[in-house]
Structures are given as structure tokens and as C-alpha cells.
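The first residue of the sequence shown is numbered 1, and numbering continues consecutively from there. Just so we're clear, the structure is a prediction, and the values are computed from it rather than from any experiment.
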Amino acid sequence: MTSIAIVGAGPQLGLAIARTFGSQGFDVALISRDREKLDNLAGKLTAEGITAAAFAADVLDRDALSQALKDAAAKFGGIDVLEFSPVGTFGSTVLATPVETEPANVQHEIEFQLYGAIAATRAVLPAMREAGSGTLLYTTGAGSIDPVPQVANVNAAAAALRNWVINLHKELDGTGIQAAHVGIDVSIGTPAVPGFPTAQPEEISPVYWDLHTTKRDQAELVFSR
């Protein structure tokens, strides 16, 4: 069987990605901080005939994240696809403009986005390299490409992640392993700002399947309206 691990799995995009891959026969490993919410998501997928399991870990705890991915690989016989899309909470995420930005609030976002992605990748990439196949997908808002002053610190960290992923794509070229960045240039579900373009998660999730299947040569796709 093939499997996907979704880091930062939640009830919107994460669940939609799980359904997209699960409908194609993938087992699904759900990873995020809240075990109760993960169990609820796993229950929904199981009710739909998709094999799913929950593995609780905080992206900021890199040892726990690595162990969760190793546990998922042990349960499902390996991880064929990694999708990384954790979202910060209002309690932990400080938003700053370029003028207001301090090293500390950029550092938190770097730890959350870039270092979390690197830790997750290091947990699954060796087995992918041994197998000569695999897919690594990383999600940010489109501010990683075209930054927005109100969230400068978040955009800076997202841009660092995007840069690293595109470089990873280049390094892995010819190995059978795909690495790609997905930039989301819409609000998911409901508008974050009145008038800002919105899309439902089910409209976005096929992008991930495309990058895994028919668009493996592409290092980046941007979903926009």
C-alpha cells in the first residue's frame, strides 16, 4: 500500500488532501498537536472507507515530529508522500510589519515553518532515497512569493521555506523524488479579508495530486483566483 503523511493536518485543507489521496487508495497519517482533533479527522476518513491514523506531535518539537513520522512509516510500511502545511495559532503567532519586525518574532516563524519542514524531511527522505521514489510537498501562503507588509515576519519565514524547497527540487532532480512548493493565494473556506478571493479546500487539494503524478517536473504551483 502507498501512504501520505500530512503534517499540520486540520479540518480544511489537510482533510481535503487526505480525501484526495485516500480516494486513490493511499493510507493517511495525520500529524498535528491536538490528538482529540486528529482522532476526529481520522474517524471521518475511516467512515468514508479511507485507512487513516493519528500521530500527535508539535512541529516545534522536532524530536517528537520525527518520531511521529517514524511511527507512521512503521504502521503503514513507509511514507510515500509527505505534505507539510502546519498553521500557527493566534496565541502563538505574532504578526509584524517590516518596520515592527524583531528577530524574535521572525525566529519563531523560522522554527515553525523552515526548521519544522527540514526536520520532517530528514525523517522520511532517507527511505525515499533508498527506494528511488517519493514526493515531498510543502505549503505556504502566497506571501512567500509576493509579500504583504502586515505579515512581514510570517512572509519572511515562508519565503525561506519556499527557497529551500525549490533548491531541494533541484538537488533531487533525477533521483525519482519530487519536491515542490504550493503557494496558496486565496483564503481557504471563508474570506480572511472582505473581498479577498476565496476557495474551498476541495478545489485546492487536486493541485497536490497533480504534483505527485503528472507534474513531477515542476518545483512550484500557485493556486489563485
L211 CG to D217 CG distance, which is reported to the nearest 0.5 Å: 9.5 Å
Any side-chain heavy-atom pair of L136 and T121 under 4.5 Å: yes
Student check: side-chain heavy atoms of L65 and I31 closer than 4.5 Å: yes
R129 vs T175 side-chain heavy atoms within contact, under 4.5 Å: yes
Distance, nearest 0.5 Å, that separates CD of E100 from CD of E102: 9.0 Å
Side chain to side chain contact (heavy atoms under 4.5 Å, CB included), paired with Y208, selected from L137, I4, T213: L137
Backbone of L30 reached by a side-chain donor or acceptor of S32 within 3.5 Å: no
Under 3.5 Å donor-acceptor, E109 side chain and N153 backbone: no
Worked verdict on L60 versus H108 for side-chain contact (heavy atoms from CB on, under 4.5 Å): CA-CA 9 Å; L60 292 171; H108 175 81; 3.9 Å; yes
Ring centre gap for H212 and F26 strictly below 6.0 Å: yes
CG-CG distance between L41 and D34, expressed to the nearest 0.5 angstrom: 9.5 Å
Presence of salt bridge, R35 and D39, under 4.0 angstrom: yes
Interatomic distance, Q24 atom CD to W209 atom CH2 [nearest 0.5 angstrom]: 4.0 Å
Side chain proximity check, H181 to I145, heavy atoms < 4.5 angstrom: yes
Minimum-distance pair of heavy atoms, taken over all atoms of T2 and D80: CA-OD2, 3.1 Å
Closest approach of A52 to F76 (non-hydrogen atoms, all atoms of both residues): C-CZ, 4.4 Å
Geometric class of the Y138/F84 ring pair [parallel <30°, tilted 30-60°, perpendicular >60°]: tilted
Nearest non-hydrogen partners of L45 and A18, listed with the distance: CD1-CB, 3.7 Å
For V186 against F223, the heavy-atom pair lying closest together: CG2-CD2, 3.9 Å
Polar side-chain atom of E203 near backbone of Q200 as donor-acceptor pair, under 3.5 Å: yes
Modelled atom types, side-chain donor and acceptor of T20 and S205, under 3.5 Å: yes
hydrophobic_cluster_shared for I166 and L82, side chain cutoff 4.5 Å: no
Salt-bridge present (E220, K215; N to O < 4.0 Å): no
Check: L168 main-chain N/O paired with E171 side-chain donor or acceptor under 3.5 Å: no
Donor-acceptor pair between E83 and T139 side chains, under 3.5 angstrom: yes
Side chain to side chain donor-acceptor pair (under 3.5 Å) evaluation trace for D71 with Q67: CA-CA 6 Å; D71 290 346; Q67 188 60 52; 2.8 Å; yes
E111 side chain vs V106 backbone, donor-acceptor pair below 3.5 Å: no
Test item: L13 and I204 side chains (from C-beta on) under 4.5 Å apart, heavy atoms: yes
Minimum heavy-atom distance between T198 and G189, given as atom pair plus value: CG2-O, 3.5 Å
Exercise: do T135 and R216 side chains pair donor with acceptor under 3.5 Å: yes
Least distance between heavy atoms, R33 atom then F112 atom: NH1-CE1, 4.0 Å
Test item: side-chain donor near acceptor, N40 and E36, under 3.5 Å: no
E48 versus T46, side-chain donor and acceptor atoms under 3.5 Å: no
S144 (side chain) donor-acceptor with T140 (main chain) under 3.5 angstrom: no
CZ on F55 to CG on L38, rounded to 0.5 Å: 10.0 Å
Between CD on residue Q107 and CG on residue N105, distance to nearest 0.5 Å: 10.5 Å
Pair V148-N155, side-chain contact (heavy atoms from CB on, under 4.5 Å): steps then yes or no: CA-CA 7 Å; V148 179; N155 287 170; 3.9 Å; yes
